[in-house]
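Owing to the predicted nature of the structure, the values given are computational and were not obtained by experimental measurement. Naming: A, B, ... by sequence-line order, numbering from 1 per chain.
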Amino acid sequence: MPDSENQVDNLIAKARTGDIESFNALVLQFQDYIFTISYRIMGDSDSAADATQDTFITAFRKLDSFRDGNFRAWLARIASNTCYDMLRKYKRRPQDYLEELPGADMYDEAPIPADSPNPEQEAQRTDLNQAIQNCIQALNDDQRMVIVLSDVQEYAYQEIADMLDTSLGTVKSRLSRARLAVRRCLQSVQELLPDEFRLTSDE
Amino acid sequence: MTDKLTQNPQPELSEHDAELLSAYIDEMLSADEKAELEARLFENVFLRNELSAMRQTVAWMNALPALKAPRNFTISAADIAPAEKTPERKLIPMQNRNLWYLASAAAIVIVLVGFGVVFSLSPSNSGAAMRAGDSSEGIALSATQIAPQDGEAPLESLDTADNTDTALFSDYAYDIAEQSAESSVGLANPANASEVQAPVPPADSIASSSNTSRSINDNSIQQAEAPQLNLQLAQATLADLSSVAQGSGAAIIPGSATQALAVMSDADTGIVAGADSEALADTHDEANDDLIETDGTVENEASEDAISEEIEPVLTKDEPSNLIQAVLNAVRLYAESKRQ
């Protein structure tokens, strides 16, 4: 919508001059989005919250480097880099997540979906969503970053290549491997899933 | 992978095919690739199933719900204040490791210099001393490189040493360079003497100074008529020492004055420090006490143990050994030689 875009542009322009309040209006607008990306990459709410806060602090400092365009994508790029640095720092390994397959008591910390138009349907999907998230967590960092940006957040290959400062070919191969790995991971736990959510090998 | 229900083993999707299917889903194949894949899909049930499964996986991930931020992430002025720099490493080492490296490296340096002194005194080896000024590339631990240049730690030249032994000096030299403003044993460029207090004070002031320690007291240095080290000689003698050591079959193990002393013993140069090992006993404890005074956070016991472990096997086994004293003795001999 043009109005909201103008509003975002206006806020950005003000924020560039150091107006923190204007920037915070942008924060409120995009924090769900950035938190979601961060959570999908980091796998837990605390890390995701840290990454989200760092993302916005970095974004404010780097506002001068934002060329007009897609502000949300620009924020997403900062978020993915922030998460990547955090993952490197914490050296989290896929083995950490083997314990978190469906069945483990994860629901206490599960973040709240932004909207649940159909609570009943949402409840049915909770197991599946949790299984998907766990299988995403089981990926290595590089694969997880790509699959979150591509399949969860639906960025294009080239956008992802730019965000991660890598090549198109690398994005392609990482994504295909990630998808295969997630699919196989889901198959291994499919008996825990409701029938309609099971992957079948034959039609 | 075998399908437990069927007789035929389940084929596995190759990485190449997985990439094709994945790109196909995203319409990222070329026209030719796409046509070729579609022809295969038409014929191959397995491939079709794999495609279907992959599409489903992607669809489920697309459907993951957007999440709600658990709180507001608005920023404050404090958040964007300039980041605090991590505290610079203090000039006086705050940890055992730094202290140990410093002491080790200092001892190595001074002992090697002392060795070079003996070298130059020995008639048969006078030629070695005459090689002063020649390339010292074989030795990374050159005097000027140890000295801090405006507080910076010169690492690059150290890394170019072709001697694997000397490459190990880089860590030690780094610590030395960093801390040599407080350290007396760094072979500083004489021009920086007043800043770094590095020139070696005369032996008399060392032996008699109650402040003898790894970091020789500021006062004693400033008051002393410090013999200026001949840097080139130091470099040359270090190079020569290396070649002598290799010739005698002994290897210099950096970080251990013990080994340096062993080398000296093998080379039969009079065992500069070893001969004076008896003198080590007395000031050992005193020196360590001074270490404590200099740096209150040093864990005395640990550093003592570390020092003792290294020196004891080579020097006298009966007497407490002291890395620092080995250093100081070498210094004394060098100072004496300069007076001759």
Applying side chain to side chain donor-acceptor pair (under 3.5 Å), which residue pairs with at least one partner in residues 10-27 of chain A are found, sequence neighbours left out?
A/D19-A/S22
Report which part of A/R177 has an atom under 4.5 Å of a heavy atom belonging to chain B: side chain, backbone, both, or neither.
side chain
State, to 0.1 Å, how close A/T36 and B/A66 come at their nearest heavy-atom pair, and which atoms those are.
OG1-C, 3.9 Å
If we define contacts as heavy-atom pairs under 4.5 Å, which of B/D79, B/N62, B/I75 has the most with chain A?
B/I75
Residues of residues 31-44 of chain B near chain A, each having a heavy atom less than 4.5 Å away
none
Which members of residues 13-29 of chain B, sorted by number, sit under 4.5 angstrom from chain A on a heavy-atom basis?
B/L13, B/E15, B/A18, B/E19, B/S22, B/A23, B/I25, B/D26, B/M28
4.5 Å side-chain heavy-atom contact, A/R40 and B/L67:
yes
Which answer fits A/I20, side chain, backbone, both or neither, if we ask what part of it has an atom under 4.5 Å from a heavy atom of chain B?
side chain
What residues of residues 161-176 of chain A sit under 4.5 Å from chain B when you count only heavy atoms?
A/L168, A/K172, A/S173, A/L175, A/S176
Evaluate the side-chain proximity of B/Q56 to A/R183: yes if any heavy-atom separation is below 4.5 Å, no if none is.
no
With chain B, the option among A/V148, A/T58, A/I57, A/L180 that has the most non-hydrogen atom pairs under 4.5 Å is A/I57
Can you confirm whether A/V27 sits close enough to B/N72 that some side-chain heavy atom of one is under 4.5 Å from a side-chain heavy atom of the other?
no
Based on non-hydrogen pairs under 4.5 Å, which of A/T52, A/L26, A/L28 is most in contact with chain B?
A/T52
Please check this pair: side chain of A/Q53 against backbone of B/F73, looking for a donor-acceptor N/O pair closer than 3.5 Å.
yes
Is there a side-chain contact between B/M61 and A/I136, using heavy atoms and a 4.5 Å cut-off?
yes
Chain B contact via A/E154 - which portion, at a heavy-atom distance below 4.5 Å:
side chain
